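Worth saying up front: this structure is predicted, and the values here are computed from it rather than measured. Computation of the quantities below employed the complete heavy-atom set of this structure, encompassing side-chain atoms and omitting hydrogens, waters and symmetry-equivalent molecules.
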Number of protein chains: 2
Amino acid sequence: MVDRLREAGKRLTAERRLLFDIVSKNPHLDAAGIYKLALEVNPKIGQATVYRTLNLLAELELVDVSPLGEAHGHYEVRADDHAHLICVECGSVREIPPPDGLRTLEDLEGFEVRRTELELIGLCPACAKKRREKEAPQTGDE
Amino acid sequence: MVDRLREAGKRLTAERRLLFDIVSKNPHLDAAGIYKLALEVNPKIGQATVYRTLNLLAELELVDVSPLGEAHGHYEVRADDHAHLICVECGSVREIPPPDGLRTLEDLEGFEVRRTELELIGLCPACAKKRREKEAPQTGDE
DNA sequence: ATGGCTGCAAACACTTTGCATCGGC
DNA sequence: GCCGATGCAAAGTGTTTGCAGCCAT
């Protein structure tokens, strides 16, 4: 994470460290939850910092914003793609890592699927092309 | 849709018809976009009605709220599960229906996937059980 | 020492709610 | 005719922004 910040010419502050740390250890918190945990460590951190930092980390692709069905966006550190089992009733989230992952329905272990979302997020052909043109061989990373 | 409303003891109004129709024909609009289209047909429809109706339709499981990566929630009529190709650059959304769907990567036709989200939305075992207990044979549908 | 980052609070955008009226059943 | 649904506008919630001081570089 340090490297990525440096790369992007951003500064490494205690707040950023803290927030990234919280997101790492708590995969499915929303901004409010992250803020709350942050307050316990640094009582005078501001929510603006939380939002700014999460946006920054998302831009640097260090964390992902996971939409999580009904609820609001939650944050988690970028990792191997995995499935989310999201309960519409209690909001609980279970993760299924990909290797041992979703090979059979039995892996769901009693979870009752109502609907699924498969989102492939990236660049459409046109934008991918534009980006390649715009981008110098080594420098650019947004 | 009419039936589902009836079932739930809800009334069939022109506004609900209109909004459902708009969502049907425009799979990836957000609330604001839906409202805008609705205004063209019924200039005095209120946004509150749009929100209330969309929430109602979502509750009746007639439409889904699709989180769509970076953007805000979008609405679409419930249909066969399909994948979304979401461009982070221009925000375009392409749908891939399941039968002809994502069997090979070539189906992506040049889309450059950066990350994927697989969300299985439903009831965790505990809540599924609770719901079965609470639910009378015929009456209850929350 | 400098410019980016932070905290604070105001601004903003989106969604929900209260109430009187309207209209489906 | 009754009770739910609507339209309007105000309230609520979550997120962003402006600015002065602070701190990583």
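- Here C:dG18 presents its P atom at 18 Å from OH of B:Y51, a figure rounded to the nearest Å.
- Under the side-chain contact (heavy atoms from CB on, under 4.5 Å) criterion, A:R16 pairs with A:M1, A:L5, A:K10, A:R11, A:T13, A:T53, A:L56, sequence neighbours left out.
- Under the side-chain contact (heavy atoms from CB on, under 4.5 Å) criterion, B:R17 pairs with B:L12, not counting sequence neighbours.
- Shortest non-hydrogen contact noted between A:T49 and A:L19 is O-CD1, 3.9 Å.
- Using a 4.0 Å heavy-atom cutoff across all strands shown, A:R17 reaches no nucleic acid atom at all.
- Put simply, CG on B:L18 is 15 Å from C1' on D:dA5, counting in whole angstrom units.
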Which donor-acceptor pairs under 3.5 Å do the side chains of residues 31-48 of chain B make with protein atoms, sequence neighbours left out?
residue, atom, partner, partner atom, Å
B:N42, OD1, B:K44, N, 3.0
B:N42, OD1, B:I45, N, 3.4

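- In terms of position on DNA chain C, the residue among B:R6 and B:A32 whose nearest nucleotide sits closer to the 5' end is B:A32.
- The backbone N or O of A:L62 sits nowhere less than 3.5 Å from a side-chain atom of A:R4 that would complete a donor-acceptor pair.
- Contact annotation: A:N55 side-chain N/O to D:dT16 OP1/OP2 distance is under 4.0 Å.
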Go along nucleotides 5-12 of chain C 5' to 3' and tag each nucleotide: B for a protein heavy atom under 4.0 Å from its base, S when only backbone or sugar atoms are that close, - otherwise.
-> SBBBB---

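- Axis orientation changes by 50° from one end of the helix from C:dA1-D:dT25 to C:dC25-D:dG1 to the other, with each end axis drawn from 5 pairs and the value rounded to 10°.
- Following rounding to the nearest Å, A:L5 (CG) and D:dA24 (P) show an atom-to-atom distance of 14 Å.
- If you measure from atom CG of A:D30 to atom C1' of D:dT13, you get 12 Å, rounded to the nearest angstrom.
- A search for side-chain contact (heavy atoms from CB on, under 4.5 Å) contacts involving A:D21 returns A:K25, not counting sequence neighbours.
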